[in-house]
Amino acid sequence: MYILAFESSCDETSASVVSADDSGIRVLSNIIASQISVHALYGGVVPEIASRAHVEAISNITYEALEKAELTLKDIDLIAVTNSPGLIGALLVGVNFAKALAFANNIPLVAVDHIKGHIAANYIEHPELKPPFVAFVASGGHTSIIKVNDYTDTETIGRTRDDAIGEAFDKVGRIMGLPYPGGKEMDRLASVGNKDFAKFPSGAIHDDTLDFSFSGLKTHIVNYLHTAAQRGEDIPKEDIAAAFTKTVCDSVAAKLSMALKQTGINKLVIAGGVSANSHLRNALNNMCKEMGAELYMPSLALCGDNGAMIAAQAYYDHKSGDFAGTDLNAYATKITKRVRI
Ligand code: KG4
Ligand code: ZN
C-alpha cells in the first residue's frame with residue numbers, strides 16, 4: 001500500500017510517501033522543510049511563527065513528495081498525520097490539512113503519536129526489528145524510556161522530570177554562544193574537547209526509577225560559565241561540550257542498562273534528534289556490547305522529525321484498525337502514566 005504522511009509537530013514541515021507491506025517500509029520520498037533559520041534569530045522555536053511557516057510550506061511539500069514518488073493522490077491508500085504531542089498550533093496545521101485531503105479524496109486517515117513515530121523510524125531501516133524491545137526517545141522536547149510490547153502497544157517506563165536532553169544541549173550551547181539548535185555543534189566540539197575537564201552532576205535520578213532530571217546539570221553549567229566569566233577565566237567551549245556530553249552519555253547509559261535488566265529485554269532501540277549524537281551512539285554501543293544486548297539506531301537522516309517515520313508507524317496503526325474520523329483533533333500533550341516495573 002502507498003501511505004502519504006505529514007509531520008508538523010514542531011519546527012519541521014514534512015510530507016513523505018512510502019510503500020509498505022509486511023516485508024517492510026520503503027521510503028519513496030521524504031521532503032522536509034526546516035524552519036531552523038527562521039527560529040535561529042530568536043534562539044528557540046517561536047510557536048506562532050512555526051504555525052505560520054507550516055501553513056506556508058505544507059501544500060508545496062505535498063506536491064513535491066508525490067512528484068518525487070512518481071505518484072498522484074489517486075494512488076494513495078492511506079493518509080497519516082502526527083496529532084500529538086507537540087506545539088498545538090503547529091500540530092493543527094498538519095491535522096487539518098491531512099483531514100481535508102483525506103475527506104476530499106475519500107482516503108482513510110490515521111492519527112500518529114509523534115513518539116511512536118520516532119521509534120518507527122527504526123522499522124524502515126531495520127526490517128528485521130520486531131517488538132518487544134526497550135526504546136529510548138530523546139529529542140528537543142522528549143526524553144523517555146519506553147517498553148514497546150507490540151507495534152501499537154507501548155508503556156512509558158521512565159522519563160525526564162524536567163528538561164529534555166535536546167533542550168539541555170541547546171541551552172548549554174546557547175550560553176556558550178553557539179547558534180540554535182546547539183546540539184549538533186556541541187557534538188562536534190565534544191569530539192575535540194577534554195571530557196575529564198570537569199565533573200558535572202548526573203542527569204540520572206539516584207533511585208531505582210528509570211527517570212532523569214537534566215535541569216540541575218544545565219543550571220550547574222550555566223552557573224559555572226557565569227562564575228568563570230566574572231573571574232575573567234576563558235573556559236574552552238570544547239572542554240565544556242565534552243564534559244557535558246560525557247555526563248549525558250553516562251546518565252543515559254546508567255538508566256538504559258537498568259531498564260534492560262528490569263524488563264529482562266535485551267534489545268535496545270534509540271530514536272529522536274538526540275540519537276544522532278555520535279558520542280551517545282558510541283556509549284550505547286559499548287554498553288550493549290558489554291550487556292550482550294542488540295542495539296538498533298536510525299541513520300542520521302531519520303533521527304530528526306520527518307514524515308517517513310510517521311508513515312511507518314501509520315502502517316502498523318492501520319493494521320490494528322485504528323482509523324481517525326473528521327472529528328480528529330490535535331493534542332499538545334498526552335497524559336501517559338509512567339509505569340513502574
Ligand atoms: O527529534 P527532533 O528533530 O525534534 C523534536 O522532536 O524535538 O530533535 C531536535 C533536537 C534538538 O534539541 C537538537 O539540538 C538535537 O535534537 N540534536 C542533537 C544532535 N542533533 C540534533 N543533540 C545532540 N547531538 C546531536 N548530534
Ligand atoms: Zn521529534
Side-chain angles (χ1 to χ4, degrees), residues 18 20-25 27 85 112-139 142-160 164-165 204 208-212 249 251-277 280-306 308-320 322 334 336-341:
V18 307
D21 57 34
D22 286 348
S23 70
I25 288 135
V27 179
V112 175
D113 175 276
H114 183 75
I115 308 295
K116 284 187 184 160
H118 270 301
I119 297 170
N122 283 280
Y123 301 135
I124 299 173
E125 293 172 318
H126 310 293
E128 73 283 12
L129 171 65
K130 300 209 163 27
F133 54 79
V134 170
F136 176 63
V137 181
S139 68
H142 318 281
T143 301
S144 301
I145 305 179
I146 294 163
K147 188 163 160 261
V148 179
N149 300 318
D150 202 348
Y151 293 99
T152 55
D153 172 19
T154 61
E155 290 171 290
T156 303
I157 56 175
R159 64 173 149 215
T160 181
I165 297 185
D208 64 346
T209 68
L210 299 173
D211 287 353
F212 300 98
C249 292
S251 315
V252 170
K255 288 294 179 184
L256 288 180
S257 70
M258 267 174 72
L260 294 178
K261 280 183 201 140
Q262 287 183 11
T263 56
I265 295 173
N266 70 344
K267 211 188 285 183
L268 176 66
V269 167
I270 63 170
V274 178
S275 69
N277 187 274
L280 186 64
R281 290 166 90 96
N282 280 339
L284 296 181
N285 217 344
N286 293 338
M287 182 204 92
C288 285
K289 258 193 203 142
E290 264 170 38
M291 293 186 73
E294 290 174 66
L295 174 65
Y296 293 88
M297 37 196 178
S299 67
L300 298 192
L302 291 186
C303 288
D305 293 346
N306 67 88
M309 69 186 201
I310 301 304
Q313 182 57 34
Y315 177 67
Y316 297 104
D317 287 348
H318 113 279
K319 280 185 56 147
S320 71
D322 195 3
K334 210 175 223 173
T336 42
K337 248 186 41 215
R338 177 166 58 59
V339 180
R340 288 289 297 271
I341 312 175

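Worth knowing before you read on, the calculation uses all heavy atoms, side chains too, and leaves out hydrogens, waters and symmetry mates.
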Please state whether the rings of His318 and Tyr315 are parallel, tilted or perpendicular, taking 30° and 60° as the class boundaries.
-> tilted

From Thr154 atom OG1 to Ile146 atom CD1, the distance as rounded to the nearest 0.5 Å = 6.0 Å

Could Asp211 and Lys255 be called an ion pair, given the rule that one side-chain N must be under 4.0 Å from one carboxylate O?
-> no

Listing, residues 122-132 side-chain donor-acceptor contacts under 3.5 Å, not counting sequence neighbours, or none:
residue	atom	partner	partner atom	Å
Asn122	ND2	Ile119	O	3.3
Asn122	ND2	Ile270	O	3.0
Glu125	OE1	Ser299	N	2.8
Glu125	OE1	Ser299	OG	3.4
Glu125	OE2	Ser299	OG	2.5
His126	NE2	Met297	O	2.9
Lys130	NZ	Pro127	O	3.4

Okay, side chain of His142, backbone of Ser139: is any donor-acceptor separation there less than 3.5 Å?
-> no

Flag the pair Thr263 / Ile157 as yes when at least one side-chain heavy-atom distance between them is below 4.5 Å, and no otherwise.
-> yes

Judged by modelled atom types alone, do Asp317 and Gln313 share a side-chain donor-acceptor pair under 3.5 Å?
-> yes

Heavy-atom closest pair (Ala164 atom, Thr143 atom, distance to 0.1 Å) is CA-OG1, 3.3 Å

Which heavy atom in Phe133 sits nearest to a heavy atom in Ile265, and how many Å separate them?
-> CA-CG2, 3.7 Å

Measure the shortest side-chain to side-chain distance between Phe136 and Val269 over non-hydrogen atoms and say whether it is less than 4.5 angstrom.
-> no

Give a yes or no on whether the backbone of Ala293 and the side-chain of Lys267 come within a donor-acceptor separation of less than 3.5 Å.
-> no

Partner residues of Asn149 under the side chain to side chain contact (heavy atoms under 4.5 Å, CB included) criterion, sequence neighbours left out = Lys147, Asp153, Glu155

Minimum side-chain heavy-atom gap Leu256-Ile145 below 4.5 Å = yes

Could you pull out the closest heavy-atom pair between Gly304 and Met309, with the gap in Å?
-> O-SD, 4.0 Å

If we only count heavy atoms from C-beta on, is the Arg281 to Cys303 side-chain gap below 4.5 Å?
-> yes

Once you round to the nearest 0.5 Å, how far does CE of Met291 lie from CG of Leu284?
-> 11.5 Å

Taking all heavy atoms of Ala308 and all of Val27, pick out the closest pair and write down the distance.
-> CB-CG2, 4.0 Å

Tyr316 side chain to Asp150 backbone, donor-acceptor under 3.5 Å = no

In terms of heavy-atom contacts, Asp113 and Pro85 come closest through OD2-CD, 4.1 Å

Please round to the nearest 0.5 Å and tell me the distance separating atom CG of Leu260 and atom CD of Glu294.
-> 11.0 Å

Check Leu302 against Ala121 and note the closest heavy-atom contact, atom names and distance.
-> O-CB, 3.7 Å

Tell me, do Leu280 and Val274 make a side-chain contact under 4.5 Å, heavy atoms counted?
-> yes

Counting N and O atoms only, with roles assigned by atom type, does the side chain of Ser144 sit under 3.5 Å from a partner on the main chain of Val137, one being a donor and the other an acceptor?
-> no

